[in-house]
Protein chains: 2
Amino acid sequence: MYYFFAEGVIIIEPKCISRVILKRLPIYLGYLKSLPNDAPPHISATTIANVLQMGEVQVRKDLAAVCDIGKPKIGYKVRDLIDELETFLGFKDMNDVIIVGAGKLGKALLSYEGFREYGLSIVAAFDVDDTVIGNMNSTKPIYHISKLSDLCQRMNIQIGIIAVPAESAQAICDYIIKCGIKAIMNFTPYLLKVPSDIIAHHVNIAASLALLSKQLSEQT
Amino acid sequence: MYYFFAEGVIIIEPKCISRVILKRLPIYLGYLKSLPNDAPPHISATTIANVLQMGEVQVRKDLAAVCDIGKPKIGYKVRDLIDELETFLGFKDMNDVIIVGAGKLGKALLSYEGFREYGLSIVAAFDVDDTVIGNMNSTKPIYHISKLSDLCQRMNIQIGIIAVPAESAQAICDYIIKCGIKAIMNFTPYLLKVPSDIIAHHVNIAASLALLSKQLSEQT
DNA sequence: AGTATATCGATATATATTTATCGATATAAC
DNA sequence: GTTATATCGATAAATATATATCGATATACT
Ligand SMILES: NC(=O)c1ccc[n+]([C@@H]2O[C@H](COP(=O)([O-])OP(=O)(O)OC[C@H]3O[C@@H](n4cnc5c(N)ncnc54)[C@H](O)[C@@H]3O)[C@@H](O)[C@H]2O)c1
Ligand SMILES: NC(=O)c1ccc[n+]([C@@H]2O[C@H](COP(=O)([O-])OP(=O)(O)OC[C@H]3O[C@@H](n4cnc5c(N)ncnc54)[C@H](O)[C@@H]3O)[C@@H](O)[C@H]2O)c1
């Protein structure tokens, strides 16, 4: 939170929401959406906190960041809350995504239907291997990498997933940035170097699993 | 960090390393391991910080948590540092892992060779679908779920990956806990409920990608 | 109507994490 | 040998995050 002082009055810049909160919002949303239709129309922060094993104050604070419809004794209207969360998180309008590398992981992602619920539309995958190019099992096309530039520019696609071997990751990264990609999710264990105006998010499944393993061994 | 006061003396409990630091350690390790063989044998926290775009004090503090071999003007001996990081993170001795759900994602993980470098050995996958059971493309076996209990108990496997449809996630979770699994990595968007002595880590790829998308749209 | 209670939002405190500062030290240059 | 400098570790300050407390309020109960 940034504070600006102007003529003695404190103006609080409301734009920025911390990354930690942002990561929790989809969890609340997921839980709310999992509630049965015959559940009561309102829910309290206390209930949410208990189910999700969080502090109730934290839940209230997180929710306050996106909505202001909590009523004492009643709680939040579930439908409104879902709506506000979805709107806030941008799940309501679709964002196009391309995948580079249609190997085992790339193909799994390409055919995964679950993205839609999060406002994401996987448009196509790109590869260099002629044996995977074309549309085999998935409903989504796999093109040669040479078609990437044209497609991204025509459709104004700004989000890319990298699922190529680690050795090619940086080259592909540089390339897709040149093609107009502005945000990258990288599944390779290679740490990408990107210009400051490009957002890169690294997902290292093996490292995460290893940390889980370490946690386990420490618990004893 | 916890502080205990005993007879006026402050005793600092050294056990706990924060999760944030733990997540960064594999990044340092990965970078150090990527250095060419003809690189100088020592490296400074300043250099690491610059390459990885982190604060140099943070790098020093993180490294101090696992080693104490930094020398002024010289820095850290790369080989020792790699060794200490790998030892600390437990990458040197193998931990067995099983996967439940040999669908698209499960099979990708099953055949992924990269886990070995992190001290992880994927032993087998389990499924209910007869058409995927047996060993097709991967070198690792896919068994019927009914074999899970026996294998886990015989090999004393404590780490499990859940890659079944979300609807089955909780049931599978309960089941593998009964079979002796103590740490779970869950790839379904369903938030698992586990007893307090079980570690569960949730990986929601779609939600992460959606947050990336949101970040992008906010950047403007 | 009056009171009890669940719940909210706000404020305050505690903890955790990041960033800055500074003296100490090992090497290199002179 | 002396001095300059890169670098470390430690301590301190700033920021961020989590938890606790408390008055206010909407409903339910008497
Ligand atoms: N498979 C997993 O479960 C898993 C888990 C964690 C991380 N990863 C990482 O994800 C990446 C992909 O893994 P995978 O198992 O799918 O590998 P894979 O070998 O099955 O697939 C890689 C694909 O990338 C293609 N490719 C290679 N160079 C390319 C280029 N320059 N441009 C476009 N396409 C190119 C290949 O033709 C291949 O189809 C790897 O970096 C791996 O480390 C995979
Ligand atoms: N595919 C992806 O890229 C992706 C991305 C993010 C999340 N996920 C999640 O991962 C999970 C698996 O995704 P997928 O694409 O591999 O789905 P999938 O349908 O390809 O595979 C699911 C597998 O689980 C098996 N299965 C079903 N019930 C089972 C049970 N009770 N016990 C054992 N096996 C059972 C099925 O036979 C099937 O082989 C889903 O929950 C999905 O939401 C997948």
Side-chain angles (χ1 to χ4, degrees), chain A residues 1-5 10-25 27-28 32 39-78 80-81 84-85 211 215, chain B residues 1-5 10-25 27-28 32 39-78 80-81 84-85 211 215:
Chain A
M1 195 79 84
Y2 299 98
Y3 298 87
F4 297 100
F5 294 83
I10 299 172
I11 301 159
I12 298 168
E13 185 74 16
K15 276 275 168 63
C16 80
I17 267 215
S18 91
R19 261 199 91 50
V20 215
I21 297 179
L22 221 49
K23 274 200 203 168
R24 283 193 298 259
L25 295 182
I27 300 177
Y28 301 130
L32 294 171
H42 291 89
I43 194 166
S44 73
T46 319
T47 308
I48 298 176
N50 287 338
V51 176
L52 303 183
Q53 315 200 54
M54 292 167 162
E56 60 172 297
V57 184
Q58 188 173 74
V59 174
R60 250 180 244 131
K61 274 200 150 192
D62 288 354
L63 295 184
V66 291
C67 73
D68 43 5
I69 47 167
K71 273 193 270 181
K73 180 77 180 181
I74 302 234
Y76 305 85
K77 193 168 173 193
V78 177
D80 288 0
L81 203 47
E84 299 221 37
L85 280 168
L211 289 186
Q215 242 185 292
Chain B
M1 195 79 82
Y2 299 98
Y3 299 86
F4 295 101
F5 294 82
I10 300 174
I11 300 159
I12 297 169
E13 185 75 15
K15 275 277 167 64
C16 80
I17 268 213
S18 90
R19 260 200 90 52
V20 214
I21 296 180
L22 222 48
K23 273 201 204 167
R24 283 193 297 259
L25 296 181
I27 299 176
Y28 302 130
L32 294 171
H42 290 88
I43 193 166
S44 71
T46 320
T47 308
I48 298 176
N50 287 339
V51 175
L52 302 182
Q53 315 199 54
M54 291 168 164
E56 59 172 296
V57 184
Q58 187 172 72
V59 174
R60 250 180 242 128
K61 274 201 150 190
D62 289 353
L63 295 183
V66 291
C67 75
D68 42 6
I69 47 169
K71 273 194 271 183
K73 180 75 179 181
I74 302 234
Y76 304 85
K77 193 169 175 191
V78 178
D80 288 0
L81 202 47
E84 298 221 40
L85 280 168
L211 290 185
Q215 242 184 292

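In the text below, chain A, chain B and the rest are named by the order of the sequence lines, each starting its count at 1. These numbers come from the heavy atoms of this one structure, side chains and all, not from hydrogens, waters or symmetry mates.
With rounding to whole Å, B/Leu22 atom CG is found 15 Å from C/dT17 atom C1'. In this structure, B/Ile69 atom CD1 and D/dT7 atom P are separated by 16 Å, rounded to whole Å. Atoms CG (B/Asn50) and P (D/dT7) sit 10 Å apart, rounded to a whole Å. Between B/Leu63 atom CG and D/dA10 atom P there is a gap of 13 Å when expressed in whole angstrom units. Per the geometry, CD belonging to B/Glu56 stands 10 Å off C1' belonging to D/dC8, to the nearest Å. Atom CZ of A/Arg19 is separated from atom P of C/dT17 by 17 Å (rounded to the nearest Å). To the nearest angstrom, C1' of C/dT17 lies 14 Å from CD1 of B/Ile17. The distance between atom NE2 of A/His42 and atom P of D/dT27, rounded to the nearest whole Å, is 9 Å.
When side chains are defined from C-beta on, B/Glu84 does not count as touching B/Tyr76, because their heavy atoms never get closer than 4.5 Å. With a 4.5 Å cut-off on side-chain heavy atoms, B/Gln58 and B/Arg24 count as touching. You'll find the side chain of A/Ile48 reaches within 4.5 Å of the side chain of A/Leu63, heavy atoms only.
Residue A/Ser44 places no side-chain N or O under 4.0 Å from the OP1 or OP2 atom of C/dA6. Applying the 4.0 Å criterion to OP1 and OP2 of D/dT17, one finds that A/Ser18 has a side-chain N or O inside that range. Contact annotation: A/Arg60 does not reach the phosphate of C/dG9 (side-chain N/O to OP1 or OP2, under 4.0 Å). Using a 4.0 Å cut-off, some side-chain N or O of B/Arg24 falls inside it from OP1 or OP2 of C/dT18. Between C/dG9 and A/Tyr76, a contact under 4.0 Å exists linking OP1 or OP2 to a side-chain N or O.
Closest-nucleotide positions on DNA chain D for A/Gly55 and A/Ile74 were compared, and the one nearer the 5' end corresponds to A/Gly55. DNA chain D is contacted by both B/Lys73 and A/Asp62; B/Lys73 maps to the nucleotide lying nearer its 5′ end (nearest heavy atom per residue). Nucleotides of DNA chain C nearest to A/Gly70 and A/Lys61 differ in position, and the one nearer the 5' end is that of A/Gly70.
Note: B/Ile17 CD1 to B/Leu22 CG = 6.5 Å, rounded to the nearest 0.5 Å. With rounding to the nearest 0.5 Å, the separation of CG in B/Leu32 from CG in B/Leu52 is 8.0 Å. Rounding to the nearest 0.5 angstrom, the gap separating the CG atom in B/Leu81 from the CD1 atom in B/Ile43 is 8.5 Å. Atom CD1 of B/Ile21 sits about 5.0 Å away from atom CG of B/Asp62, to the nearest 0.5 Å. Remark: B/Thr47 OG1 to B/Glu56 CD distance equals 9.5 Å, nearest 0.5 Å.
Across all strands shown, B/Val20 has heavy atoms under 4.0 Å from sugar-phosphate atoms exclusively, and none from any base. At a threshold of 4.0 angstrom between heavy atoms, the contacts of A/Ala45 are confined to the sugar-phosphate backbone, with no base atom among them.
The nucleotide whose nearest atom lies closest to any side-chain atom of B/Gln58 is, among C/dT19, D/dA6, D/dT19, C/dT19.
The overall bend of the helix from C/dA1-D/dT30 to C/dC30-D/dG1, read as the angle between its terminal helix axes built from five base pairs each, is 10° when rounded to 10 degrees.
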